[in-house]
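Before any comments, here is the structure.
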Amino acid sequence: MNQPSQESHSASSGTTEIRCDVLVIGGGPAGCWAALEAAGAGAKVVLVDKGYCGSSGATASAGTQIWYVPPDTDEREAAMASREAMGGYLSERSWMVPVLDKTYESVNRLADWGYPFPVDDKGAQQRISVQGPEYMRLMRRKVKNAGITILDHHPATQLLTDGRAVVGATGLRRQQGGQWTVLAGAVVLATGGCAFMSKALGCDVLTGDGYLMGAEAGAELSGMEFSSAYAISPAFASITKTALYRFAQFYRRDHSLIEGAGSARGRSIIARVLLTEPVYARLDLAETEEVKAILRRAQPNFFVPFDRRGLDPFIEFFEVKLRLEGTVRGTGGLRLTGLDCATTVPGLYAAGDSATREPICGGFTGGGSHNAAWAISTGAFAGASAAAFAHSSATGSGVSASRPPFTHTENAVDPQAIIKAVQDEVFPLDVNYFRTHAALSDALDRLDRLWDSISSATIADESQALQLRQAQAMTATARFMYRAALSRTETRGMHRREDFPKQDPAQHHRLIVSGLYTITVRRETIDPGVYREAAE
């Protein structure tokens, strides 16, 4: 077991100070796998979480599929080819292969640790999905048993640098009050994506914090235009698990059927109708009691809000909406320089939804399966790489924060008002789903002005510090998204330009975003071979 990290407390100043080898920010699957891998490499590890490691975040709240494919040549080939066209041929086999390998290995470790995978009628375990609560409960236990220091309810607010590399972070102690500082040889950002507090299931803690901290330190982002992921949800509930809607038909206000809404293009058809009137659903394709019972067993939490209302979704109409999931189910995030999951800043690594998933998904959502595999594999890659970096370098002198600390004045901003202003720009379907130059430009102008007014904002009291930081992160994320979306003048993957409805072969490249006050976008070329072969 690793030796505990060096820790000191100051009651007078309300601070916690710790020194370790690797700091992991985020306690979801990617953070837990990163922490375990770093500890396994002999590093002293600290994991900080905005909530409670093991129960907060998108994965902990529900079940998820996993991109788990046995090492069979034909099966692996089919698995890799299945998303290439949908993603606009922006994925890379050089990433897919190691991600599939590491996911297969790691999920098998889960089975060895005792995760209760279901078995088929022949007694073979089916390792293609996990239930979030059981999965994350097991991961927390493994992290604790590895001697890793877990700091729950300790959100990170800024990274620390020594002028050359990232050497730690600082943040808030939500329950005790005051602040914490961790000095580390390397940092892994595993803070998740950004759903803009849309009430999507388990996602309100996912506010783009890692994107903002990374950008402040000088890291680049990629794939931020692929961020218009919306999930079907009952209008009265936050459940965004959409698998059961395969058994649904969709209807207009007068209960006339919406043709094609259940097809592969169904989301776009529903979105188009929602621009002018409400949409209703009914799970009327589940025709037998046996099928209904299977669906209830498969996703019991889907039915909870219906049962509470005494509403039977199999026979009664219920109103649905499209709830923004942003980069949580999109593919954008911090740009990785290689399989070590390093960012463009020394000492800073990214994993899970904090990192762009373009290497395995291109421009189309990885849903649950690919995203789960990405969290597992990049968590492991980043943790091992961070440990190696920490052991090979020494923390420099002159440590400083990547941004100035919060201050308090009488002219403080209202974080809730900022959050509402950002949501007004990213929630509307006719801005973020059906994109045009005019709508994106107008929204971005307002977001830029908002950023100028809040980037160095003050707060009325310490209790608002976290809210303000989340508001700043959401504002920055929205600006990254729309700046990239304006630069991609085509429709590719989930990025839909109404004014450029076709895919343009000349734009088979990635868009790399950097900067905060002035955001720049540059192109990164991709080997065009697979695109040419597919086009031919």
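Quick caveat, the model's predicted, so the values are computed rather than measured.
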Drop me the distance from [X]'s [atom1] to [Y]'s [atom2], to the nearest 0.5 angstrom.
{"X": "Arg329", "Y": "Cys203", "atom1": "CZ", "atom2": "SG", "answer": "8.0 Å"}
{"X": "Asp430", "Y": "Leu274", "atom1": "CG", "atom2": "CG", "answer": "11.5 Å"}
{"X": "Met139", "Y": "Glu134", "atom1": "CE", "atom2": "CD", "answer": "14.5 Å"}
{"X": "Leu429", "Y": "Lys321", "atom1": "CG", "atom2": "NZ", "answer": "9.5 Å"}

- [ ] List for me each residue that meets ring pair (Phe, Tyr, Trp, His ring centres under 6.0 Å) alongside Tyr230, sequence neighbours excluded, and say none if there are none.
- [x] Tyr433
Going by atom types alone, do [X] and [Y] pair a side-chain donor with an acceptor below 3.5 Å?
{"X": "Tyr482", "Y": "Ser441", "value": "no"}
{"X": "Asn108", "Y": "Tyr68", "value": "yes"}
{"X": "Thr191", "Y": "Ser354", "value": "yes"}
{"X": "Lys199", "Y": "Thr240", "value": "no"}
{"X": "His153", "Y": "Arg173", "value": "no"}
{"X": "Arg127", "Y": "Tyr115", "value": "no"}
{"X": "Glu358", "Y": "Ser222", "value": "yes"}
{"X": "Ser514", "Y": "Thr520", "value": "yes"}

- [ ] May I have the step-by-step check of side-chain contact (heavy atoms from CB on, under 4.5 Å) for Lys142 and Arg137, ending in yes or no?
- [x] CA-CA 9 Å; Lys142 295 299 293 185; Arg137 189 180 303 120; over 6 Å; no
Is the shortest heavy-atom distance from the side chain of [X] to the side chain of [Y] under 4.5 Å?
{"X": "Ile66", "Y": "Ser129", "result": "no"}
{"X": "Phe302", "Y": "Arg296", "result": "no"}
{"X": "Ile150", "Y": "Cys53", "result": "yes"}
{"X": "Leu201", "Y": "Asn301", "result": "yes"}
{"X": "Tyr349", "Y": "Phe381", "result": "no"}

Open item on the list: Evaluate His495 against Arg435 for side-chain hydrogen bond (donor to acceptor under 3.5 Å, both in side chains), listing each step before the verdict.
Closed with: CA-CA 8 Å; His495 169 67; Arg435 294 170 164 178; 2.9 Å; yes
Can you name the closest pair of heavy atoms from [X] and [Y] and give their distance?
{"X": "Ala169", "Y": "Ile25", "answer": "CB-CD1, 3.9 Å"}
{"X": "Ala478", "Y": "Val426", "answer": "CB-CG1, 3.7 Å"}
{"X": "Gly330", "Y": "Ala229", "answer": "N-CB, 3.9 Å"}
{"X": "Arg357", "Y": "Asp353", "answer": "NH1-OD1, 3.2 Å"}

Output yes when a side-chain donor or acceptor of [X] lies under 3.5 Å from a complementary backbone atom of [Y], and no otherwise.
{"X": "Ser198", "Y": "Leu324", "result": "yes"}
{"X": "Glu220", "Y": "Thr344", "result": "no"}
{"X": "Asp49", "Y": "Gly27", "result": "yes"}
{"X": "Arg323", "Y": "Ala237", "result": "yes"}
{"X": "Trp180", "Y": "Leu172", "result": "yes"}
{"X": "Thr331", "Y": "Phe364", "result": "no"}
{"X": "Ser392", "Y": "Phe389", "result": "yes"}
{"X": "Thr207", "Y": "Met474", "result": "no"}
{"X": "Lys241", "Y": "Thr64", "result": "no"}

For residues 28-39, which side-chain N or O atoms pair as donor and acceptor with protein atoms under 3.5 Å away, sequence neighbours left out?
residue : atom : partner : partner atom : Å
Trp33   : NE1  : Tyr135  : OH           : 3.1

- [ ] For Leu189 and Leu334, run side-chain contact (heavy atoms from CB on, under 4.5 Å): C-alpha distance rounded to whole Å, both residues' side-chain angles, the deciding distance at 0.1 Å, then the answer.
- [x] CA-CA 9 Å; Leu189 283 173; Leu334 293 168; 3.7 Å; yes
TODO: Could you please spell out the steps behind the side-chain contact (heavy atoms from CB on, under 4.5 Å) verdict for Phe480 and Ile519?
DONE: CA-CA 7 Å; Phe480 296 146; Ile519 297 175; 3.8 Å; yes
TODO: Salt-bridge test for Arg479 and Asp445: reply yes if a basic N is under 4.0 Å from a carboxylate O, no otherwise.
DONE: no
Task: Pairing of Lys50 and Asp209 as salt bridge, 4.0 angstrom limit - done: yes
Open item on the list: Please list all pairs meeting side-chain hydrogen bond (donor to acceptor under 3.5 Å, both in side chains) that have one or both residues in residues 369-391, counting only residues at least two apart or in different chains.
Closed with: Trp67-His370
Task: Test side chain to side chain donor-acceptor pair (under 3.5 Å) applied to Thr365 - qualifying residues, sequence neighbours left out - done: none
Would you tabulate the side-chain donor-acceptor contacts of residues 417-424 under 3.5 Å, counting partners in other chains and residues two or more places apart, or write 'none'?
residue : atom : partner : partner atom : Å
Lys420  : NZ   : Asp424  : OD1          : 3.0
Lys420  : NZ   : Asp424  : OD2          : 3.1
Gln423  : NE2  : Phe196  : O            : 3.0
Gln423  : NE2  : Met197  : O            : 3.3

- [ ] Applying salt bridge (charged side-chain N to carboxylate O under 4.0 Å, His left out), name anything that partners Arg446, two or more places apart in sequence or on another chain.
- [x] Glu425
TODO: Take Val24 and Val48 through the test side-chain contact (heavy atoms from CB on, under 4.5 Å) and record every step on the way to the result.
DONE: CA-CA 6 Å; Val24 177; Val48 297; over 6 Å; no
